[in-house]
Amino acid sequence: MQEKKVFYITTPIYYPSDNLHIGHAYTTVAADCMARFKRMQGYEVFYLTGTDEHGQKIEKTAREKGLEPLGYVDGIVKGIRELWDTMMISNNDFIRTTESRHKEVVQKVFQRLFDQGDIFLSQYEGWYCTPCETFFTERQLVEGKCPDCGREVELLKEESYFFDMAKYAPRLLEHINTHPDFIQPESRRNEIVNFIKSGVEDLCVSRTTFNWGIKVPFNNKHVIYVWFDALLNYLTAIGYLSDDDKFKHYWPANVHLMAKDIVRFHAIIWPALLMALDLPLPQKVCAHGWIMLEGGKMSKSKGNVVDPRILVEKYGVDAVRYYLVKELTFGQDGSYSEDMLVSRINSDLANDLGNLISRTVAMIGRYFAGIIPASGTAVAVDQDLMHTAAQVYQEATEKLEKLDFAGYLISSLKLVSRANKYIDETEPWLLAKDEQNTERLAAVMYNLAESIRVALILLSPAMPTLMERANRQLGIFSDIKMVNWDEAGQWGLCPAGSQVKKAEALFPRIDLKALENSAAVPEPKEAVVKPEPPAPAKGEDEFITIEDFARMDLRIAEVLACEKMPKADKLLILRLKVGEEERTVVSGIAKHYTPEDLIGKKVVLLANLKPTKLRGVMSQGMILAASGDEELEVLMIDRDIPSGSRVK
RNA sequence: CGCGGGAUGGAGCAGUUGGUAGCUCGUCGGGCUCAUAACCCGAAGGUUGCCGGUUCAAGUCCGGCUCCCGCAACCA
């Protein structure tokens with residue numbers, strides 16, 4: 001290891017086809033936590049994040065909205081940057097793959113690898129669906145047809161550039177073996193090793209089916225594969241091929257942090273590319289788990305994609321960041337719900353931390369006119385408190401070094417708990433009754449202030465505004481920016497004589513019940529069928545006319561037969577009798593109904609819905625069902641109304 | 001057999017190299033009053049999904065099974 005205290009950490013660059021959610025926020029906050037920690041340790045940190053803006057999906061989405069890809073992406077990227085601002089992300093650079101500095105690097109690298117024979121022209125073979133302009137592998141096909149549109153596909157050979165990744169596989173395996181920390185956690189490491197051993201193929205690194213990307217420098221029919229493009233951002237941002245000094249200063253990266261779904265790209269393709277470029281590999285590729293949403297499923301109708309911005313607005317940056325970082329055990333998945341977030345804030349931040357500061361400040365105010373007294377002789381309880389502080393400092397440091405973010409916070413909070421207990425043990429309110437005890441009381445107050453000082457330093461990487469906010473009450477840090485991490489490892493640095501003043505709670509308790517009432521309003525529940533018409537809306541536009549309604553041909557239909565769609569989890573194929581006619585309808589209700597539940601029942605069918613193919617089966621209509629967050633109930637008719645009857 | 005993750009007291013989770021099952025929340029009881037109806041102490045509550053194997057000893061290793069859950073593909 002070099003002696004230079006430099007630390008380069010990255011998040012993946014995000015794909016701006018949708019707004020970012022809480023999972024992206026997790027990665028970015030965790031990396032930020034690390035970056036801040038390292039800065040406090042005196043490292044020269046380069047923290048990079050950004051956006052990966054090329055690719056077919058972006059192009060398509062943009063066109064659908066009638067925009068040029070770049071114009072479309074500009075808007076989303078602006079939102080992302082604002083999000084990181086509100087989450088107090090301290091990145092040193094924000095790279096966009098559409099920037100010219102990046103395009104140049106990608107093209108030069110492509111050229112170089114081509115020149116040295118690592119990239120070569122060959123044939124890409126795949127099943128091509130012309131209307132969809134997409135290639136599919138054999139596996140992706142549904143009954144030999146296009147999985148998107150169900151039409152015939154043809155076996156096409158296309159000229160493509162390939163990267164000779166297989167060549168580097170043995171060296172990569174060797175590297176992984178000799179650097180056990182390279183891929184973390186271990187479960188991912190094993191996965192990657194197995195994957196490589198099962199055979200690495202040449203990687204297709206160019207496409208001709210769309211345009212939105214970086215052109216192959218010597219063949220402008222081809223666009224460079226997005227991952228090839230994207231991964232190189234880690235080099236571009238620190239001056240690869242443009243600023244040698246800067247590049248050498250920061251490379252190799254210390255940590256590439258990401259969610260587990262993209263480790264393969266970072267632990268196989270990326271190292272292979274670097275080897276081809278004759279560059280050292282990053283020290284760590286670290287994959288964290290996913291944040292699962294309440295109930296697990298995320299669906300458009302549920303609209304439960306959690307917007308971190310709203311959470312920050314509601315609860316504050318510190319609290320939201322704290323929760324995110326605390327929630328995932330290293331490498332494992334975790335779950336998110338607003339209730340959990342609130343209870344975490346209440347118990348850890350309001351009850352324990354906030355209240356500790358509050359009661360300490362109040363006591364110093366009452367007993368010493370707000371002046372933090374000098375410390376005194378330490379007795380056993382004090383020793384124990386000091387010992388805890390030292391231990392917690394060490395533990396928190398170790399956990400952070402290991403990227404165990406949750407563990408780091410758990411450790412840090414131990415000191416807060418210990419300090420709360422210390423108050424009970426020392427009973428300052430009793431000491432205050434007898435002037436003989438003033439000296440002892442002073443020592444107790446000092447020790448409390450000192451514990452808080454240590455805790456604030458330890459928590460500040462996770463909660464960037466905490467120290468400043470707390471300092472407004474405590475006044476123990478003369479310059480927050482100058483606070484060093486190691487100061488948390490020393491006892492007695494809290495300056496006696498500081499003036500404290502009581503102020504508003506740092507983390508006000510959140511009333512869950514009050515919250516539910518208010519939260520119910522902005523969260524529009526989508527229901528397929530509402531029992532009553534919605535309350536009259538403001539504008540005329542909110543209404544439809546009876547004619548509009550009449551356009552819908554709703555019919556009673558009898559379920560003649562029903563079976564599960566093979567190889568599908570959610571689909572049932574229903575054979576319906578509508579009057580004299582028979583129809584096939586595919587419905588995504590298999591999670592809630594078995595075929596037996598439905599056979600012989602009478603349901604409501606939207607009969608003139610445009611037929612469509614689902615999983616290769618033509619669906620002629622839609623049956624109506626009421627659905628909530630979890631449950632779903634198909635509308636059925638009790639009385640014996642003949643099938644084919646109009647519903648109106 | 002598409003890929004992957006999980007099953008530990010009411011809930012959410014820890015459990016490193018196998019050696020008496022821990023934490024947070026909740027519940028119950030008690031204490032305290034400095035504090036944000038907070039804080040502190042104590043208690044109840046688990047045959048660690050099921051079956052088998054290795055071992056002096058398994059939540060921890062091995063095999064099999066059941067059930068959940070993500071991703072992928074189809075909620076018309």
Side-chain angles (χ1 to χ4, degrees), chain A residues 136-137 139-142 147-148 150 186-188 191 195 260-261 263-264 289-293 295-302 326-335 337 339-340 343-344 346-367 404 406-407 410 413-414 416-417 419-432 441 444-445 448 502 504-511 565-573 585-592 606 609-625 627 632:
Chain A
F136 298 99
T137 62
R139 281 179 101 110
Q140 287 174 301
L141 299 182
V142 177
D148 281 351
E186 204 183 313
S187 55
R188 295 294 142 212
E191 198 182 315
F195 189 83
K260 64 185 182 183
D261 49 341
V263 248
R264 278 188 192 176
W290 287 330
I291 296 186
M292 303 300 178
L293 296 180
K297 61 182 168 186
M298 162 144 54
S299 67
K300 56 187 173 187
S301 66
K302 202 168 163 185
K326 178 91 181 267
E327 203 45 35
L328 290 198
T329 302
F330 179 69
Q332 298 287 101
D333 292 349
S335 53
S337 77
D339 284 359
M340 289 161 76
S343 91
R344 193 86 288 151
N346 279 345
S347 66
D348 292 3
L349 299 183
N351 295 354
D352 290 354
L353 176 63
N355 187 41
L356 170 68
I357 293 171
S358 170
R359 61 202 300 213
T360 301
V361 167
M363 285 190 286
I364 292 174
R366 181 175 306 184
Y367 307 140
D404 178 359
I410 289 168
L413 259 283
K414 278 184 195 163
V416 173
S417 294
N420 272 318
K421 183 173 173 176
Y422 178 81
I423 296 179
D424 260 62
E425 289 166 335
T426 53
E427 298 177 304
W429 49 92
L430 294 187
L431 295 173
L441 182 60
V444 168
M445 289 305 115
L448 281 172
K502 192 109 174 97
E504 278 176 27
L506 288 169
F507 298 100
R509 276 184 66 82
I510 296 153
D511 186 343
M565 174 82 78
K567 291 182 71 180
D569 300 334
K570 298 182 190 168
L571 299 185
L572 291 181
I573 306 173
V585 166
V586 178
S587 183
I589 54 174
K591 291 262 161 108
H592 303 89
L606 178 56
L609 187 68
K610 188 179 172 193
T612 187
K613 220 172 214 183
L614 284 174
R615 200 79 188 185
V617 175
M618 191 55 83
S619 178
Q620 305 156 302
M622 172 171 82
I623 64 169
L624 300 189
S627 63
L632 180 146

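Each chain gets a letter, A, B and so on, in the order its sequence line appears, and its residues count up from 1. These values consider heavy atoms only, across backbone and side chains, with no hydrogens, waters or symmetry-generated copies. None of the values given here were measured: they were computed from a predicted structure.
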I need the [atom1]-[atom2] distance between [X] and [N], as an integer number of Å.
X	N	atom1	atom2	result
Arg264(A)	rC3(B)	CZ	P	10 Å
Lys260(A)	rG70(B)	NZ	P	12 Å
Arg188(A)	rG4(B)	CZ	P	10 Å
Leu506(A)	rA38(B)	CG	C1'	14 Å
Trp429(A)	rC39(B)	CH2	P	13 Å
Asp424(A)	rU33(B)	CG	P	10 Å
Ile410(A)	rC13(B)	CD1	P	13 Å
Glu504(A)	rA35(B)	CD	P	17 Å

* Can you list the residues that meet the side-chain hydrogen bond (donor to acceptor under 3.5 Å, both in side chains) rule with Asn351(A), with sequence neighbours excluded? ->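 So Asn351(A) forms a side-chain hydrogen bond (donor to acceptor under 3.5 Å, both in side chains) with Arg509(A).
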
Touch class at under 4.0 angstrom, heavy-atom based, for [X] against every strand present:
X	result
Asp348(A)	nothing
Ala350(A)	base
Val361(A)	nothing
Ser358(A)	base
Phe507(A)	base
Met622(A)	sugar-phosphate

Gap in Å between the two [atom1] atoms, one belonging to [N] and one to [M], rounded:
N	M	atom1	answer
rC13(B)	rG6(B)	P	12 Å
rG15(B)	rU24(B)	P	16 Å
rG64(B)	rC23(B)	C1'	33 Å
rU8(B)	rC69(B)	P	14 Å
rC50(B)	rA7(B)	C1'	11 Å
rG46(B)	rG5(B)	P	31 Å
rC67(B)	rC28(B)	C1'	33 Å
rA58(B)	rA21(B)	P	12 Å

* How would RNA chain B look in dot-bracket form, 5' to 3', counting Watson-Crick and G-U wobble pairs with both distances under 3.5 Å and writing | for bases paired to another strand? -> .((((((..((((.....[..)))).(((((.......))))).....(((((..]....))))))))))).....

* Is a side-chain N or O of Ser358(A) found less than 3.5 angstrom from the main chain of Gly354(A), in a donor-acceptor match? ->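 No: the side chain of Ser358(A) does not pair with the backbone of Gly354(A).
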
* Please check if the side chain of Asn346(A) supplies one atom and the backbone of Ile510(A) the other of a donor-acceptor pair under 3.5 Å. =>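 Present.
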
* Side-chain donor/acceptor contact of Asn351(A) with base of rA38(B) under 3.5 Å ->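 Flag unset: no donor-acceptor pair detected.
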
* RNA chain B: 5'-proximal contact among Ala505(A) and Ser587(A) (nearest heavy atom) ->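 By nearest-heavy-atom nucleotide position, the 5'-most residue is Ala505(A).
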
Atom pair [atom1] ([X]) and [atom2] ([Y]), whose distance is rounded to the nearest 0.5 Å:
X	Y	atom1	atom2	value
Phe507(A)	Asp348(A)	CZ	CG	10.5 Å
Leu431(A)	Met445(A)	CG	CE	7.5 Å
Met340(A)	Lys326(A)	CE	NZ	11.0 Å

* Side chain of Arg366(A) - closest among rC34(B), rU24(B), rC41(B) ->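 Of the candidates, rC34(B) comes closest.
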
* To do: Among rU33(B), rC41(B), rC34(B), find the nucleotide with the atom closest to the side chain of Ile423(A).
  =>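 So the side chain of Ile423(A) is nearest to rC34(B).
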
* Asked: Does Arg509(A) put a side-chain nitrogen or oxygen below 4.0 Å from OP1 or OP2 of rA38(B)?
  ->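 Looking at the OP1 and OP2 atoms of rA38(B), one of them is under 4.0 Å from a side-chain N or O of Arg509(A).
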
4.5 Å side-chain heavy-atom contact, [X] and [Y]:
X	Y	value
Ile357(A)	Leu506(A)	yes
Ile423(A)	Arg359(A)	yes
Tyr422(A)	Val444(A)	yes

